[in-house]
Structure formats: structure tokens, C-alpha cells
2 protein chains.
Amino acid sequence: MPKKVKPEDRRIQRTRQSLQTALSELIVEKGYEKVTVQDVIDRANVGRSTFYAHFESLDQLLLSGFEPLRMQFEDFLSGTTFDIESPWALSLAMFQQVQKQKGGYITLTHIQKFLHGYLLDHLKQGLPKRNKNIPPELLAHYVASTFIALMTWWIDNNYPIPAEKMNEIYRQLVEPGTMAIMMGA
Amino acid sequence: MPKKVKPEDRRIQRTRQSLQTALSELIVEKGYEKVTVQDVIDRANVGRSTFYAHFESLDQLLLSGFEPLRMQFEDFLSGTTFDIESPWALSLAMFQQVQKQKGGYITLTHIQKFLHGYLLDHLKQGLPKRNKNIPPELLAHYVASTFIALMTWWIDNNYPIPAEKMNEIYRQLVEPGTMAIMMGA
DNA sequence: TATGTTTCTGAACACCATGTTCGGTTATAC
DNA sequence: GTATAACCGAACATGGTGTTCAGAAACATA
């Protein structure tokens, strides 16, 4: 299990940074499935025991790279009331955050489950409880999935479209179908 | 005169069947990630070498369970011209197929990538090449993703809604957004 | 610059999963 | 009934995981 560490020590920062970028590079080269702990610590020039002092597993290390995105999400949720208009502001913020960190979000596919669950939890609270014959959980699942779908495509295709336009497209695709349902509640 | 098809050796059928159901059960019990080859062959009462004589890996075995779905997809594509109306007939057929095999499609999440690629290839051909500022590949990606999203939810929640209604919902959600775009091509 | 503390090191270890091989044993098709 | 194929299972090589620990190195501080 990972030790508790004070983040101010330079060695800690360096170690974490090295491991993250090493993993990032290796994912591009071989794909996440084929990356081993040994690969990562060799590339990062970090001792084996050091790795396990910081992260429980490769998955943890991978997940740690998505902290900024998660924090942005948290910030948004704590600062806004969740109304019908605001979801698009959130999605825009996330498109922008990802674009800003170009290259940092290579493997959305592998944190899909995590991200999906995250979105889901908060979406459930904001969506109408009743509507014409579509279960609200299904609606939440749908909205989260569509967002991740577009984000995934966007990242995999190397950001060929600016964040703002992506968000507009997202809205164009998802809004018509969902609005009709949410209004008839 | 119908073609004479040599029926496969019973032992082969039995072995494959045993392995498939063993895997299926184990996934429910422990989750796919934690299932090992040893678990499967123990449960199925099959020799280790036999396993590898039939499947390259656990993934292969998992994938083999989705053959019916894949075949249905193929059948549909070879028998129909791909017009604006037909996608909903295909999705309905697949909802029905999955419902028929209840319990056989436990881990859609693990073949998502496979299924997605499959859908994508064929969707690309049927979608309009130009439309107002949304890349056709993105549109194809979107349609495939939404379908898988609904299917996943449906399976994970143990088929709480009949296939026909699921398809209706799918259509309600996806059609409004995509139609507007495809029409303005 | 000296000091006490924290982090890093790396080799050794136990453990477990993968995938292959092969001589011997069934079960099956015909 | 017989030839053939499929199955068995133990043994083996390979390689990844996660832990441990004593010593070396880097750090903050003063």
C-alpha cells in the first residue's frame, strides 16, 4: 500500500512526474494493455519499491493523470446550480480543459468506466424524476455516454476541432432528443 | 437439395459449451478482470491444453459468445440496402437477439471496442458524406456509441424493458439530433 | 556546512498466471 | 471394430506482481 507522503519534497514531485510521463509515452508506443510496471520504472529511472510507495498499481498511476479534469468537474459542481442550461457549460469547460492539456489525455478509453460513474452520480441529481416512459437512470446513462463518446473521438483524432465547436456539436446532437423528453415530464 | 454439413464432433461442442458457460458464470461471480484460465478450466472440467487448443486466450473465449450477435449483424447488412429508415430495423433486431439470449451477454463492456469498430465500419458507408460542419466519422462514432450505451445499460439492468420499447427509446433519443444534421446535408 | 529526516534504491523473495509440450487415454465417427 | 480425433494433465519455461529491508542519496533547516 502507498505510504503517506508530503507533496512538497522535490523528490516526490520528480518521481511522480517521471512516472506519469513515462507511462504516457509507453501508452503511445505500445498501448496501455501491454505496458508493465517494469517498463514504466525503467523508462522513468525509478526503483521498483519507489513505484509502489507512490501508487498501488498502474491503473492508479493512469488515473492520477486525470486529476485536473476531475477537479474542474468538482469545481463546477460546487459553484453552480444544476439547471437545464448549465450542463452545456460544464461540457464546454471539460472540452477546454482537455484541449489545454493536449497529449495528457491519451487513453480516455481506459478511464471511461471511472469517468462515466463520476458523471453519472451527478447527472442523476439534476435530471427530472419523471418523464414519458424513459427511466431517468437511462437518461443519465445516455447523456454521460454521449459526452464520453464525443470526447473520446476528439482525443483519438488529435483535437481536429476547437473545444467550443465540439461543445456545440455535442449540444446539436444530444439536445434535441433529450429536451423533448425532459420537457414532457 | 440442401448442402450436407458435417456436424462437428460432439466433444468439441461440449468442450466449447462448457468453457463458455463456465466463463459466463465466473464473470457474474467475480467480474471478468479477476477470472483466470485456471478458474475456467476447473469449472468446466477441461484440461489446460484443451483450452488452448480451442481458444487463444480468455478474450477470445469471451468474444466467441458474441458470435450470434455478429452473425445477425452480418445477415442484416447483406440482406438490406442501407437507407435512412433501416438503421432502426437493425438496432431492433439486435435488441431482440440479445433479449432472446438473456444471460448470454453479460459483459458488453469488455467487447465494446470490438463491437464499436464493427458497427463503425458499416455505419460509415451508410451515412451522408457531407453535412453542416459535423465530420461524418464523428457522426458514425456517435451513432455507434449511443447504441452501445443503451444496450449496455439494458443488459446491466437485467432487461427491465422489452426490446421493442428499447429501440423506440433509442430512436427517440438519437433521431432528432442526427436527422436534422443528415437532412441539411 | 553540519545534521537529522525523508525518500529512493535494488536485489532478493514468494507467489501466481500464462502458454507450450508430449506421451498416454479416451470418445467419436464411419 | 477400427482409425482418428480430441482430450488429459503434469511438467516446464517465462514473465509479471507486489513486498521487504538495509544502505545510499537527496532534502529542509538552521
Side-chain angles (χ1 to χ4, degrees), chain A residues 1-65 67 107 110-111 114, chain B residues 1-65 67 107 110-111 114:
Chain A
M1 64 183 91
K3 266 186 221 164
K4 202 184 169 189
V5 282
K6 288 186 228 163
E8 57 252 31
D9 197 313
R10 283 180 202 160
R11 290 171 290 182
I12 294 175
Q13 315 253 15
R14 262 194 359 181
T15 299
R16 292 201 140 106
Q17 180 59 42
S18 302
L19 288 171
Q20 277 176 353
T21 61
L23 176 58
S24 201
E25 287 172 18
L26 286 162
I27 287 171
V28 174
E29 291 170 25
K30 329 168 60 178
Y32 180 69
E33 320 293 350
K34 297 192 177 175
V35 178
T36 72
V37 173
Q38 196 62 50
D39 292 334
V40 175
I41 64 182
D42 285 350
R43 174 73 59 103
N45 267 307
V46 159
R48 186 170 191 74
S49 48
T50 306
F51 175 92
Y52 285 105
H54 286 271
F55 302 99
E56 278 185 356
S57 61
L58 270 188
D59 289 292
Q60 283 294 112
L61 172 55
L62 180 62
L63 222 49
S64 74
E67 266 304 290
T107 42
H110 292 96
I111 67 141
F114 168 81
Chain B
M1 197 98 176
K3 214 182 193 176
K4 246 189 183 175
V5 180
K6 197 177 179 180
E8 287 218 337
D9 196 311
R10 281 181 203 159
R11 290 171 290 181
I12 295 176
Q13 303 193 8
R14 265 198 4 215
T15 299
R16 293 199 134 103
Q17 181 60 42
S18 301
L19 289 170
Q20 277 175 352
T21 61
L23 176 59
S24 201
E25 288 171 19
L26 285 162
I27 286 172
V28 174
E29 291 170 25
K30 327 169 62 176
Y32 180 68
E33 320 294 349
K34 297 191 177 175
V35 177
T36 72
V37 173
Q38 196 61 50
D39 291 335
V40 175
I41 63 181
D42 285 350
R43 174 74 59 102
N45 267 307
V46 159
R48 186 168 192 72
S49 49
T50 306
F51 175 92
Y52 286 104
H54 285 272
F55 302 99
E56 278 186 356
S57 61
L58 271 187
D59 289 293
Q60 282 295 111
L61 172 55
L62 179 61
L63 220 50
S64 75
E67 266 303 290
T107 43
H110 291 96
I111 67 140
F114 169 81

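In what follows, chains carry the letters A, B, and so on, assigned in the order in which the sequence lines appear, proteins first and then strands, with residues in each chain numbered from 1. What you see below is based on every heavy atom in this structure, not just the backbone, and it leaves out hydrogens, waters and symmetry mates.
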Practice item. Examine the side chains of Q38(B) and D42(B) and answer whether a donor and an acceptor come within less than 3.5 Å of each other. Key: yes
Check your understanding: For Q60(B) and H54(B), does a side-chain donor sit closer than 3.5 Å to a side-chain acceptor?
Key ->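 Not at all, the side chains of Q60(B) and H54(B) share no donor-acceptor pair under 3.5 Å.
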Whole Å only: how far is the [atom1] atom of [X] from the [atom2] atom of [N]?
| X | N | atom1 | atom2 | answer |
| --- | --- | --- | --- | --- |
| Q17(A) | dC8(C) | CD | C1' | 17 Å |
| R16(A) | dT7(C) | CZ | P | 10 Å |
| E33(A) | dG15(D) | CD | C1' | 18 Å |
| R10(A) | dC27(D) | CZ | P | 6 Å |

Review point. Which atom pair, heavy atoms only, marks the closest approach of G65(A) to Q20(A)?
Key: N-NE2, 4.1 Å
Check your understanding: Base, sugar-phosphate alone, or nothing: which one does R14(A) contact when heavy atoms must sit under 4.0 Å apart?
Key -> nothing
Practice item. Using a heavy-atom cut-off of under 4.0 Å over every strand shown, decide if R11(B) touches base, sugar-phosphate, or nothing. Key: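 If one applies the 4.0 Å heavy-atom cut-off, R11(B) turns out to touch a base.
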Check your understanding: Within a radius of less than 6.0 Å around CD of E56(B), do more than 12 heavy atoms belonging to other residues, nucleotides or ligands occur?
Key ->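 Result for CD/E56(B): open.
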Practice item. Determine the sole option in R48(B), K30(B), K34(B) for which the salt bridge (Lys or Arg N to Asp or Glu O under 4.0 Å) test with D39(B) is passed. Key: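 The residue from R48(B), K30(B), K34(B) that satisfies salt bridge (Lys or Arg N to Asp or Glu O under 4.0 Å) with D39(B) turns out to be K30(B).
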Check your understanding: Does L58(B) reach the side chain of F51(B), with side-chain heavy atoms less than 4.5 Å apart?
Key ->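 Yes, close enough: below the 4.5 Å cut-off.
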Revision key, fill the gap. Within residues 34-65 of chain B, the residues having a heavy atom closer than 4.0 Å to DNA chain D are N45(B), V46(B), G47(B), S49(B), T50(B), H54(B)
